[in-house]
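Below: the structure, in structure tokens.
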Amino acid sequence: MDIETFCLRARLEIETVRSWIEAGFVRAELSEADLARAALIRDLIEDLGVNLEGVEVVLDLLDQLHEARAALRRVLAALADADPAVRARVAAALRDRP
Amino acid sequence: MAKDPYAILGVPRTASAEEIKAAYRKLAKKLHPDLNPGDRSAEARFKEVSAAYDLLSDPEKRRRYDAGEIDAEGQEKPRGPFFRDRPEAGTFRWRSGPRAGPSGLEDLFEDLFGGEAGEVRFAFPGEDIRLRLTVPFLEAVNGGKARVTLPSGDVIDLTIPPGAEDGTILRLRGKGLPGIGGGPPGDALVELAVEPHPLFRREGETIRYDLPVSLAEAVLGAKVEAPTPAGPVMLTIPPGSNTGTVLRLRGRGVARADGSRGDCLVTLKVVLPPKPDRELEEFLRRWEAGKRYDPRAGLGGA
């Protein structure tokens, strides 16, 4: 989407969004995912009192968390397709390792 | 009736603005949905807390709430969309820089496969899908019905709740991707995009617009028909009204869940006839009081 629409929907100033693109917080393509990400950054700064250095750390950790969740989802999907005996072994192993 | 915003934030009614802000920040840090990607209940709790903060952080709204002029409902600005709900969230780490491993979980996966056999079912829920639905302004304000086609081809008749705001997310339970291994299906999240209206503007549950009136109607007073989202009403323009005079049409604004409505605020705009009128010109030439009045007195500026 264009930057004007983006700013309107994200309730942000154009200069702010430009600086966030520059800082690598959101991508220049400004997709729906970037909009949701910008809303998060706005909340972090305006509501939670996080400064720009902190935003960078939060985004990096969140990205890692989402990647990890996606990876885990792939494992679970692979397990679901696997032989029931394999699933049972996995479940038992998980039970044994709290 | 919504809960007491002071109770939601856990502050006394005498709390200072700083105390309210601190209480909100403490809760928001725990409850922000993007900081709780796996907890579905976080969104509802976060919205409750941020609605309470929106009300109490605005001195005017807080005063009116304390005075009992407004209740705690319908005051919040829309929250979200949340990054965690984007399907791309897991693939977003496009930024450059050194990194130890692709996800930090690969090492754990090797440990997953081992142990003894046992008969346990392995099921987990399907993923949520996201859709955007464009809603005409009045349907969002008044509530209405809309039809959405899901990626699966299913057609769903959706109820737009009265007073729905831009960015509101409606959750269709079980309409997402199918569950895996017998797990429940995910949900379809429909985000509403409310179209602007050529006349009405919305501020929370208040509707505002400019109503053109003639010079005679403004000076002498009149009864005119005024459009509102709840249908046209007869509006009494008091004598001596002016451009900028604001008239309140109580209960003709944005619909609430309980069937009541916010107000409609009409700003009058005096409009002269398009062509100069000889009689009016003659009158103004000899109208001494009118010549003495300086509308720019005390304007300041340059």
Side-chain angles (χ1 to χ4, degrees), chain A residues 8-11 23-27 29 31-44 46-50 56 58-97, chain B residues 21-22 24-25 28-29 32-35 37-38 46 50 53 77-97 99 102-106 108-109 111-124 127 130 132 166-167 179-183 191 193:
Chain A
L8 199 67
R9 287 181 59 198
R11 301 196 298 277
F25 293 170
V26 295
R27 299 172 299 192
E29 64 189 82
S31 70
E32 293 289 335
D34 292 293
L35 179 74
R37 197 172 170 90
L40 163 62
I41 301 167
R42 183 200 62 211
D43 287 352
L44 287 173
E46 290 181 7
D47 291 3
L48 308 189
V50 178
E56 194 153 4
V58 170
L59 288 181
D60 200 39
L61 290 175
L62 272 181
D63 287 342
Q64 287 191 54
L65 176 61
H66 282 294
E67 267 182 26
R69 289 175 60 84
L72 190 57
R73 232 179 267 127
R74 284 198 298 279
V75 172
L76 292 171
L79 275 175
D81 291 341
D83 190 76
V86 174
R87 289 205 295 271
R89 275 210 305 282
V90 172
L94 287 174
R95 261 204 318 272
D96 294 345
R97 290 166 228 244
Chain B
K21 186 174 184 180
Y24 168 67
R25 282 200 165 163
K29 279 177 199 159
H32 194 290
D34 273 327
L35 305 180
F46 175 69
S50 58
Y53 179 65
K77 54 189 175 202
R79 303 305 301 228
F82 296 112
F83 181 67
R84 63 167 194 180
D85 295 326
R86 301 299 314 174
E88 305 93 319
T91 60
F92 214 86
R93 211 174 58 185
W94 45 275
R95 292 183 295 152
S96 56
R99 179 65 61 199
S103 76
L105 274 196
E106 264 69 10
L108 298 178
F109 292 169
D111 291 344
L112 267 177
F113 302 93
E116 298 133 59
E119 200 40 67
V120 183
R121 250 193 103 55
F122 210 98
F124 56 98
E127 282 193 62
R130 287 189 72 90
R132 251 176 95 73
D166 197 52
I180 299 173
E191 185 186 342

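In the text below, chain A, chain B and the rest are named by the order of the sequence lines, each starting its count at 1.
Neither the backbone nor the side chain of A:Val50 comes within less than 4.5 Å of any heavy atom of chain B. Both the backbone and the side chain of B:Arg84 come within contact range of chain A, judged by heavy atoms closer than 4.5 Å. For A:Leu65, the part lying near chain B is the side chain, with the backbone staying farther off; criterion is any non-hydrogen pair under 4.5 Å. Contacts of A:Leu40 with chain B are made by both backbone and side-chain atoms, with heavy-atom separations under 4.5 Å.
With chain A as partner, the option from B:Glu127, B:Arg132, B:Arg130, B:Lys29 having the largest number of non-hydrogen pairs under 4.5 angstrom is B:Arg132.
If you take CD on A:Glu46 and CZ on B:Arg25, they are separated by 10.0 Å, rounding to the nearest 0.5 Å.
Between A:Asp43 and B:Asp34, the closest side-chain pair of non-hydrogen atoms is not below 4.5 Å. Proximity of A:Leu48 to B:Leu35: side-chain heavy atoms (C-beta onward) are separated by under 4.5 Å at one or more points.
A parallel orientation is assigned to the rings of B:Tyr24 and B:Tyr53, their planes being inclined by less than 30° (bins at 30° and 60°).
By the 4.0 Å N-to-carboxylate-O rule, A:Arg89 lies too far from A:Asp83 to be salt-bridged with it.
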